[in-house]
Amino acid sequence: MAILVIAEHTNVALGAATLNTVAAAKAIGGDIHVLVAGAECAAVAEAAAKIDGVSKVLSADNAAFAHQLPENIAPLIAEVGKNYTHILASATSNGKNILPRVAALLDVDQISEIIAVESADTFKRPIYAGNAIATVQSNAAIKVITVRGTGFDAVAAEGGSASIEALTVGGDAGISAFVGEELAKSDRPELTAAKIVVSGGRGMQNGDNFEMLNRVADKLGAAVGASRAAVDAGFVPNDMQVGQTGKIVAPDLYIAVGISGAIQHLAGMKDSKVIVAINKDEDAPIFQVADYGLVADLFEAIPELEKAL
Amino acid sequence: MKVLVAVKRVVDYNVKVRVKADNTGVDLANVKMSMNPFCEIGVEEAIRLKEKGIATEVVVVSIGPNAAQEQLRTALALGADRAILVECNDELRSLTVAKLLKAVVDQEQPQLIMLGKQAIDTDNNQTGQMLAALTGYAQGTFASKVEVAGDKVNVTREIDGGLQTVALNLPAIVTTDLRLNEPRYASLPNIMKAKKKPLEIITPDSLGVSTASTVTTLKVEAPAARSAGIKVKDVAELVEKLKNEAKVI
Ligand SMILES: Cc1cc2nc3c(=O)[nH]c(=O)nc-3n(C[C@H](O)[C@H](O)[C@H](O)COP(=O)(O)OP(=O)(O)OC[C@H]3O[C@@H](n4cnc5c(N)ncnc54)[C@H](O)[C@@H]3O)c2cc1C
Ligand SMILES: Cc1cc2nc3c(=O)[nH]c(=O)nc-3n(C[C@H](O)[C@H](O)[C@H](O)COP(=O)(O)OP(=O)(O)OC[C@H]3O[C@@H](n4cnc5c(N)ncnc54)[C@H](O)[C@@H]3O)c2cc1C
């Protein structure tokens, strides 16, 4: 068995989610190869070669792959992937964008967002916003799978010494073009990789009040997240949304501030190790999943918390 | 320009589903069903394109049981012109749904095809991308802005790091994210009018698509339950517990 893992990266740095996806590949068992498709991405290929458990890195360095356009990258992955039993990508916005296109090109079903490996052909995945866990079995010749990072502990980024092979296949399909991007800049840890996450909801009232959470987060070395209501109201940008349709996080500590605890929000954070809820409504559903609940006005509690840390 | 919107009948997003005691699936008996929220956003966007004079016809399609006519009628009441139901009672995988939609695309020849980014029941997030592969069209997934400009469509996408804009040749596939628009409500007169709009029912067989799949669901279980913990009286107690009991800070 040989497993192809699609690297998540920015052309200059390897994305941490790749390490969780390699962990899922290890759980399946077999020879693990990593495909780095990008432009001027040699540094990423070198980083991928050091990942523990990886035996070969395939590097497809081509200007057409610079922005991960699925029209260009999916045919490459389908072509390279034909020789593998499994193709795995992280369930990031990028993996979710590209991999179903690969699966359809290979004429196989995709299994989305697995959280556990039962055997080489059987996997667990959440459905209905995590209110049910389905065990699914695939008899497809090539199993195309996205991996939810929170289900697998990352493998070590160092320790391996895989060979790097350059690929020359693929190019520009000529039907799509990159126009631009607005990326959030933050010195705080990435939401999905942070050990502590502090999230605010509609109760924060406005974007300026999120500064209070930022200060608490900085003291804790935490990332800052938000509920959909806070994003929709324009308090904070979309990349901060935690939930069924936002990011899935499972940090050691999740602090929910002014968030009621709708099932769609819980779907994104209820696997956190310790959950703290701060809400002025003692009947808020968030308290049903919180290890520590504080019924209080957040405008008093958060400044106090900042001082106490 | 013709716009095709795929709409799926799913459990209403307010319903907390329960797993069946025999672990064969979730209990959907007597549960409220609705149009998938992301599909509603797709219908709304198509109607807005029509109101702007960009779209000439909005066709909605659903693949599912006979009862999915309800969701198609809702889409017609919101402003779609015509509906197609591919009637099928099996639980279909995304690839099969995409193949059925491809057959409908071949017949209808739309310039823009809108789908939800994910269905809130299976949370697959696959169908649009698969349809893009099968048609060979470009895809703009997780869209928060859609602008048709000549023979191209510019799509702003919600990605992990922020926003990305791509320009796609038409025909193209767009999957909707939550912030693309806020769907309207159907008015009573429009609900009445929708009853008279055309709704065609066809079968997967007539489209020449087999509904076989390579994936089987072995069992469906409830997730590990999380029980409520304790209430702390103040911030000082909270910090003390986090330091000494939970040891997470
Ligand atoms: C298809 C679909 C997908 C969705 N996906 C997501 C998703 O991915 N993520 C997500 O989060 N939501 C999602 N939602 C939305 C979800 O249903 C809720 O509407 C949302 O999570 C509510 O956000 P909230 O808790 O911030 O707001 P509210 O529910 O309005 O809660 C605000 C809370 O703040 C408390 N509060 C107010 N003032 C104070 C104060 N001064 N001090 C302390 N507490 C205070 C209130 O008591 C209340 O509990 C989705 C919905 C749909 C239909
Ligand atoms: C209890 C239960 C368990 C299931 N378990 C699984 C499972 O484990 N794995 C699995 O692959 N499938 C499963 N299915 C089948 C599932 O209902 C879907 O029909 C199928 O997976 C299609 O994917 P999706 O709707 O999740 O697609 P997504 O890719 O999440 O849907 C995106 C968009 O595609 C369009 N679309 C999807 N389906 C239709 C449709 N029928 N008609 C019109 N437009 C549509 C909509 O615009 C939708 O917003 C299960 C069904 C049930 C009832």
Side-chain angles (χ1 to χ4, degrees), chain A residues 70-71 74 92-93 96-97 100-101 103-105 108-112 122 127-140 175-184 220 228 232 237-239 244-245 252-253 263 270 274 276 287-295 301 304-305 308-309, chain B residues 11 13 16-17 19 26 93-95 98 118 120-126 129-130 132-134 137-139 141-142 144 154 158-169 178-179 213-223 226 228-232 235-236 238-239 241-242 246 248-249:
Chain A
E71 296 78 9
T92 54
S93 60
K96 291 178 189 172
N97 191 30
R101 193 167 178 125
L105 290 175
V108 294
D109 293 295
Q110 172 181 292
I111 303 176
S112 292
T122 306
I127 51 176
Y128 293 94
N131 284 305
I133 309 292
T135 304
V136 294
Q137 186 173 39
S138 165
N139 62 16
I175 53 172
S176 60
F178 171 80
V179 176
E181 62 193 359
E182 281 169 54
L183 298 183
L220 292 168
R228 174 186 170 190
D232 283 1
N238 66 283
D239 53 276
Q244 180 184 15
T245 53
D252 290 342
L253 173 61
I263 49 176
K270 71 178 175 201
V274 175
V276 170
F287 288 123
Q288 291 164 20
V289 299
D291 300 282
Y292 302 107
L294 176 61
V295 180
E304 259 183 67
L305 179 61
L309 292 171
Chain B
V11 169
Y13 78 92
K16 189 167 188 297
V17 299
V19 170
V26 299
R93 305 289 160 177
S94 300
L95 182 62
Q118 76 196 59
I120 58 162
D121 49 359
T122 45
D123 289 333
N124 270 345
N125 196 332
Q126 302 175 358
Q129 297 88 314
M130 289 180 158
L134 299 177
Y137 296 164
Q139 68 187 55
T141 54
F142 328 145
S144 65
N154 285 324
E158 297 204 354
I159 58 169
D160 288 344
L163 298 171
Q164 181 196 57
T165 305
V166 289
L168 312 175
N169 289 6
L178 292 168
R179 280 163 285 272
S213 155
T214 53
V215 180
T216 358
T217 301
L218 300 180
K219 62 179 174 193
V220 175
E221 297 161 294
R226 196 172 181 118
I230 58 161
K231 290 257 168 67
V232 292
V235 168
L238 175 64
V239 171
K241 293 274 187 212
L242 290 178
V248 283
I249 61 172

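Small disclaimer: the values here were computed from a predicted structure and weren't measured. Order of the sequence lines sets the chain letters (A, B, ...), proteins ahead of strands, with each chain counted from 1.
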Quick check on [X] against chain A: is it the side chain, the backbone, both or neither that has a heavy atom closer than 4.5 Å?
X: B/Val239; result: side chain
X: B/Leu218; result: both
X: B/Tyr137; result: backbone

>> Is the shortest side-chain heavy-atom distance between B/Thr217 and A/Thr135 below 4.5 Å?
In response: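 B/Thr217 does not reach A/Thr135 side chain to side chain.
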>> Side chains of A/Gln244 and B/Gln118, heavy atoms from C-beta outward: is any pair under 4.5 Å?
In response: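 The answer is yes; the side chains approach within 4.5 Å.
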Sidechain-backbone polar pair: [X] side chain, [Y] backbone, donor-acceptor under 3.5 Å:
X: A/Glu182; Y: B/Gly162; value: no
X: B/Gln129; Y: A/Lys96; value: yes
X: B/Gln139; Y: A/Asn97; value: yes

From [atom1] ([X]) to [atom2] ([Y]), nearest 0.5 Å:
X: A/Arg228; Y: B/Arg179; atom1: CZ; atom2: CZ; result: 7.0 Å
X: A/Arg101; Y: B/Met130; atom1: CZ; atom2: CE; result: 12.0 Å
X: A/Asn238; Y: B/Glu158; atom1: CG; atom2: CD; result: 4.0 Å

> What part of A/Leu305 lies closer than 4.5 angstrom to a heavy atom of chain B: side chain, backbone, both or neither?
Replying inline: both
>> Given heavy-atom pairs under 4.5 angstrom as the criterion, report whether the side chain, backbone, both or neither of A/Ala74 touches chain B.
In response: neither
May I ask you to name which of [options] has the most heavy-atom pairs under 4.5 Å with chain A?
options: B/Asn154, B/Leu134, B/Ile159, B/Val19; answer: B/Ile159
options: B/Val235, B/Thr141, B/Asp160; answer: B/Asp160
options: B/Leu238, B/Leu168, B/Leu242, B/Thr216; answer: B/Thr216
options: B/Ser144, B/Ser213, B/Ala98; answer: B/Ser213

>> Taking every non-hydrogen pair under 4.5 Å, which of A/Asp232, A/Leu220, A/Leu309, A/Val295 racks up the most with chain B?
In response: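 Most pairs with chain B among the choices: A/Asp232.
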>> I'd like to know which of A/Ser93, A/Pro237, A/Ala104 tops the heavy-atom pair count under 4.5 Å against chain B.
In response: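 Winner by heavy-atom pair count: A/Ser93.
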